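To start, the structure itself, in structure tokens.
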Number of protein chains: 2
Amino acid sequence: MSAVAEIVHQKKFKYHHGDLRSALIEAALAVLREKGMDGLSLRVLAKATGVTQAAPYSHFRDKDDLLAAVAETGFQRLALQMAEEATGRNSVQERIEKLMAAYVRFAVANKPLFQLMFSRELAVMKDYPTLAMTAGKSYALISATLSKRQASAEDTRFLTVMIWSLCHGLTTLIVDEKIKLEQFGAANIDAFIRRTVAPFSGELV
Amino acid sequence: MSAVAEIVHQKKFKYHHGDLRSALIEAALAVLREKGMDGLSLRVLAKATGVTQAAPYSHFRDKDDLLAAVAETGFQRLALQMAEEATGRNSVQERIEKLMAAYVRFAVANKPLFQLMFSRELAVMKDYPTLAMTAGKSYALISATLSKRQASAEDTRFLTVMIWSLCHGLTTLIVDEKIKLEQFGAANIDAFIRRTVAPFSGELV
DNA sequence: CAGTTAATCTTTGCACCGTTTAGTTATCCG
DNA sequence: CGGATAACTAAACGGTGCAAAGATTAACTG
């Protein structure tokens with residue numbers, strides 16, 4: 001397919017509004033950033049994109065379906081930032097540290113989005129297979145790094161779950177302000193993470 | 001105040017319904033168990049307790065205030081189960097294992113209640129100081145156990161946060177079905193937890 | 001190019017929700 | 001006993017997700 005045909009083909013998705021589906025997701029991200037999850041309703045998204053309240057139902061089967069799409073872009077960004085921050089680091093331990101730090105940093109910088117990504121509404125991901133796949137990218141990054149060690153596949157899988165649990169637990173507790181990093185002298189996240197990973201130095205070859 | 005006066009004084013709180021406040025909390029726990037968080041509305045609680053929809057506002061300033069009260073009983077039960085499961089264990093490592101296992105077990109057995117306890121609505125606990133205090137009991141149990149080691153207070157505080165993060169992260173991932181324990185051969189939770197804590201055996205003196 | 005098809009969007013309306021207000025009733029206390 | 005007050009009722013407001021039916025318009029087809 002030529003580049004022009006590509007554009008024409010895309011135009012297929014621009015009926016009345018232009019690209020309402022993308023516009024809704026973008027609007028949701030904006031509302032999320034400014035008002036948090038509570039301010040996120042289909043009606044405000046419809047108003048923000050200049051359509052009536054029922055229009056979104058042409059693109060999403062229900063509200064959760066839209067939220068899943070928004071969360072998916074969140075998981076994509078998260079995986080991207082993790083991958084970026086870990087590039088160039090060859091030591092397994094250092095890579096793990098960077099992956100975890102990126103995870104925490106993303107959550108702190110995009111608090112409402114992070115809350116949506118792990119919200120109760122989307123908890124049952126089997127209803128949203130593509131979301132589950134995208135969310136799995138973060139897991140895959142950790143798993144791939146740990147695979148570089150000389151250990152059995154089963155051991156890698158277990159340690160991945162451990163590191164992920166630690167990372168995710170730490171992050172949620174920080175986001176919910178149940179932990180304040182300042183209490184630990186570690187002004188920046190990296191120092192705190194380094195200390196967190198230290199007990200595993202033996203496992204990380 | 002005599003025992004009789006005590007009862008009379010309590011009766012002061014039983015005007016029309018009897019004890020609507022407690023009844024609402026109990027009804028909430030029942031609805032939570034049967035229908036999950038989504039089915040939990042003030043109106044169904046009012047109907048369940050045989051009052052009109054505005055009655056709860058005599059006892060709770062708003063819905064979140066009621067949810068906080070429900071969550072508080074949840075945190076009390078959690079701390080109780082953790083304490084019970086850890087009694088009689090003298091080794092620090094064994095106590096930590098039991099505390100963590102109890103945490104996971106409670107969450108799995110009371111999934112919707114656990115979700116409520118760590119829900120977005122109640123995340124800002126500074127609005128609910130008594131809730132924060134009760135929630136702190138679980139933290140205190142871990143902290144107290146780790147204090148038995150010979151280490152600085154600062155070290156204890158850090159390790160407590162680590163263990164708690166690991167425990168909480170693991171639990172939420174299990175509750176949200178992102179981890180399936182069966183994948184690790186560990187049929188029961190205890191075996192899995194033991195393996196999880198193993199890397200810390202050096203730290204746990 | 002003209003007519004059909006089918007997707008997008010609007011209109012309207014339902015049921016439910018949290019919350020507020022004003023009024024009623026039962027209990028407490030002097 | 002009689003006023004004060006807390007607990008509750010009745011009614012209503014604005015907001016929500018969602019479904020059904022109709023209008024509009026872009027895209028496909030002969």
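Each chain gets a letter, A, B and so on, in the order the sequences are listed, and its residues count up from 1. Given the structure is predicted, the values throughout are model-derived calculations rather than measurements.
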*Can you check whether B/Ser58 has a side-chain N or O nearer than 4.0 Å to OP1 or OP2 of D/dA7?*
no

*So, does A/Ser119 use its side chain to make a donor-acceptor pair with the main chain of A/Leu116 at under 3.5 Å?*
yes

*Atom CG of A/Leu20 to atom C1' of D/dT25: distance rounded to whole Å?*
15 Å

Distance-only criterion, 3.5 Å: show the donor-acceptor pairs between side-chain atoms of residues 160-167 of chain B and protein atoms not counting sequence neighbours.
from     : atom 1 : to       : atom 2 : distance (Å)
B/Thr160 : OG1    : B/Thr156 : O      : 2.6
B/Ser165 : OG     : B/Val161 : O      : 2.8

*Should the pair A/Arg77 and A/Phe106 be classed as cation-pi, given the thresholds of under 6.0 Å to the six-membered ring centre and 45° from the axis?*
no

*Using a cut-off of strictly less than 4.0 Å, decide whether B/His59 has a side-chain nitrogen or oxygen near OP1 or OP2 of D/dA6.*
no

*Summarise protein proximity over nucleotides 12-22 of chain C in one line of letters, 5' to 3': B for base, S for sugar-phosphate only, - for none, counting protein heavy atoms closer than 4.0 Å.*
BB---BBBB--

*Ignoring hydrogens and geometry, is there a side-chain-to-backbone donor-acceptor pair from A/Arg157 to B/Gln183 under 3.5 Å?*
yes

*Quick one: A/Asp38 CG to D/dT16 P, roughly how many Å, whole number?*
12 Å

*For A/Phe60 and C/dC9, what is the distance between atoms CZ and P respectively, to the nearest whole Å?*
11 Å

*How about A/Phe200 and B/Phe200: are their ring centroids closer than 6.0 Å?*
yes

_Validation row, ring centre A/Phe75 to ring centre A/Tyr139 under 6.0 Å_ = no

*Quick one: bend of the helix from C/dC1-D/dG30 to C/dG30-D/dC1 from 5 pairs per end, to 10°?*
10°

*Answer yes or no: is there an ion pair linking A/Glu177 with A/Lys111, defined by an N-O contact shorter than 4.0 Å?*
yes

*Counting only heavy atoms not in B/Lys148, do more than 12 fall under 6.0 Å of its NZ?*
yes

